[in-house]
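In what follows, a structure is listed as structure tokens, so that the remarks can point back to it.
Throughout, residue positions are numbered sequentially from 1 according to the sequence presented. All figures in this text were calculated on a predicted structure; none of them were measured in a lab.
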Amino acid sequence: MKNQYFGDVNDYFKYDLCIYLAENLPKVERFTFIPMLTAHDSSSDGGKVEYPLGVGRESLYRYLQECIEKGERKVSLLGEYFEEQKENLSFDYHPYSDSLDNEFKHATREEYFSGIPDKDLKSAVIMVDPDNGLEVKTSAPRNFHKFIKYSEAGDLFRRMNSNSVLVIYQHFPRINHEQYLKDLHAEIQGELDCPVPVTVFSSNIALVMLAKNEMGRRRLQKQVAGYLRIELGLQD
């Protein structure tokens with residue numbers, strides 16, 4: 001995640017889904033956001049800022065658009081939105097390291113992940129937001145800050161309790177999405193020894209969601225299906 005991405009169409013999608021899950025999954029008390037924030041670069045990523053309201057949360061849409069219009073694109077500003085909406089939400093917002101004062105770097109990644117409080121992983125929707133997603137075979141020290149390791153995702157998965165859900169941001173490579181997700185799910189299951197992931201995706205990103213056990217997965221799948229029905233305009 002980078003500040004230059006803040007408020008773009010992908011942000012709107014992922015925050016809206018996480019809020020929906022935090023409000024609808026049983027026994028969830030917090031939304032824990034782990035942005036793995038990295039420094040600005042010269043790419044044009046984050047430029048998709050003109051997008052419609054759609055069927056997402058209007059207050060979130062208005063807030064993100066206001067930040068963009070003001071030229072205020074900082075992940076830490078998301079906290080202001082949740083503070084404004086505090087009385088309307090059934091959960092608390094817990095950001096971890098959302099400032100470049102604690103920039104995510106490959107050299108200090110072990111310290112970064114070990115610093116995440118145990119309490120923030122209990123009864124929580126936990127979203128980890130690396131630049132690219134889960135590590136790939138070509139990951140190297142020069143670009144490893146853009147990825148979360150399977151071992152790091154596995155540690156978060158083991159530390160969270162049965163009321164929690166782990167959400168991992170994943171950027172699609174330029175290959176067939178269906179086959180890619182099939183292979184990714186198999187690799188995640190092999191590495192983390194977890195139930196089959198539940199995934200929601202757009203044209204270029206996926207949100208891969210992991211429940212602790214099969215009962216939790218069924219609950220998660222039910223809520224994701226409800227979210228998609230709303231997205232498709234099929235709600236009762």
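Closest heavy-atom contact between L134 and Q170: N-OE1, 2.9 Å. A pairwise comparison of heavy atoms in P195 and E214 identifies CB-OE2, 3.5 Å as the closest pair. Between D11 and L64, the closest heavy-atom pair is C-CD1, 4.5 Å.
Other residues, nucleotides and ligands place more than 12 heavy atoms under 6.0 Å from the NZ atom of K149. Few gaps surround OH on Y150; more than 12 heavy atoms of other groups in view lie less than 6.0 Å from it. Within a 6.0 Å sphere centred on CD of Q179, heavy atoms belonging to other residues, nucleotides or ligands number more than 12.
Through direct or indirect side-chain contacts shorter than 4.5 Å among Ile, Leu, Val, Met, Phe, Trp and Tyr, M215 is connected to no other residue.
The aromatic ring centres of H145 and F104 sit 6.0 Å or more apart. In this structure, Y93 has its ring center at least 6.0 angstrom away from the ring center of Y81. Ring pair Y12/Y51: centre-to-centre distance below 6.0 Å.
Across K86, E84, Q85, a single residue satisfies side-chain hydrogen bond (donor to acceptor under 3.5 Å, both in side chains) together with N88, and that is Q85. Evaluated for a ring pair (Phe, Tyr, Trp, His ring centres under 6.0 Å) with Y96, the options Y112, F33, F31 yield exactly one hit, Y112.
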Inset, instruction - Assess whether side chain to side chain donor-acceptor pair (under 3.5 Å) is satisfied between R219 and Q223, documenting all intermediate values. - result: CA-CA 6 Å; R219 290 196 297 258; Q223 294 305 329; over 6 Å; no

Inset, instruction - Applying side chain to side chain contact (heavy atoms under 4.5 Å, CB included), run through I34 and I126 and close with a yes or a no. - result: CA-CA 7 Å; I34 305 170; I126 306 154; 3.8 Å; yes

Inset, instruction - Under the side chain to side chain donor-acceptor pair (under 3.5 Å) rule, what do D98 and S76 come out as? Steps first, then yes or no, please. - result: CA-CA 5 Å; D98 60 354; S76 59; 5.2 Å; no

Inset, instruction - I would like to know whether Y169 and N132 meet side chain to side chain donor-acceptor pair (under 3.5 Å); could you show each step before the answer? - result: CA-CA 7 Å; Y169 172 91; N132 287 8; over 6 Å; no

Inset, instruction - Any chance you could lay out the side chain to side chain contact (heavy atoms under 4.5 Å, CB included) test for S162 and N213, step after step, and finish with the verdict? - result: CA-CA 7 Å; S162 60; N213 51 47; 3.8 Å; yes

Inset, instruction - List the steps and the verdict of side chain to side chain donor-acceptor pair (under 3.5 Å) for D193 and Q189. - result: CA-CA 5 Å; D193 189 24; Q189 283 189 275; over 6 Å; no

Legend entry - From CA spacing to verdict: side chain to side chain contact (heavy atoms under 4.5 Å, CB included), F6, K74: CA-CA 6 Å; F6 183 68; K74 293 182 180 179; 5.7 Å; no

Inset, instruction - Give the intermediate values and the outcome of side chain to side chain contact (heavy atoms under 4.5 Å, CB included) for residues E152 and R109. - result: CA-CA 9 Å; E152 293 159 347; R109 62 191 310 138; 2.6 Å; yes

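Looking at E23 and R57, a side-chain N of the basic residue comes within less than 4.0 Å of a carboxylate O on the acidic one, giving a salt bridge. Taking a cutoff of 4.0 Å between a charged side-chain nitrogen and a carboxylate oxygen, E178 and K182 do not qualify as a salt bridge. For R62 and E58, the salt-bridge test passes: some basic side-chain N is under 4.0 Å from an acidic carboxylate O. Ion pairing of D155 with R159 is present here, as a side-chain N (NZ or NE/NH1/NH2) and a carboxylate O approach within less than 4.0 Å.
When side chains are defined from C-beta on, N143 does not count as touching T138, because their heavy atoms never get closer than 4.5 Å. A heavy-atom distance below 4.5 Å is not found between the side chains of S123 and V28. Side-chain contact between T32 and V125 is absent, with no heavy atoms from C-beta onward closer than 4.5 Å.
The cluster map of Ile, Leu, Val, Met, Phe, Trp and Tyr, joined by side-chain heavy atoms under 4.5 Å apart, puts V198 and I230 in the same cluster. Residues M127 and I148 do not share a hydrophobic cluster, defined by chaining ILVMFWY side chains whose heavy atoms lie under 4.5 Å apart. L25 and L89 fall within the same hydrophobic cluster, defined by Ile, Leu, Val, Met, Phe, Trp and Tyr side-chain heavy atoms under 4.5 Å apart, directly or through other members. A continuous path of Ile, Leu, Val, Met, Phe, Trp and Tyr side chains, each step under 4.5 Å between heavy atoms, connects Y15 with L207, placing both in one hydrophobic cluster.
Judged by a 6.0 Å distance limit and a 45° cone about the ring axis, K212 is positioned over the six-membered ring of F157.
When the ring-ring contact (aromatic ring centres under 6.0 Å, His included) test is applied to F147, no partner is found at least two apart in sequence or on another chain. Take F144 and apply the ring-ring contact (aromatic ring centres under 6.0 Å, His included) test, not counting sequence neighbours, and it matches H106.
Separation of atoms CZ (R73) and CG (L77) is listed at 11.5 Å; rounding is to 0.5 Å.
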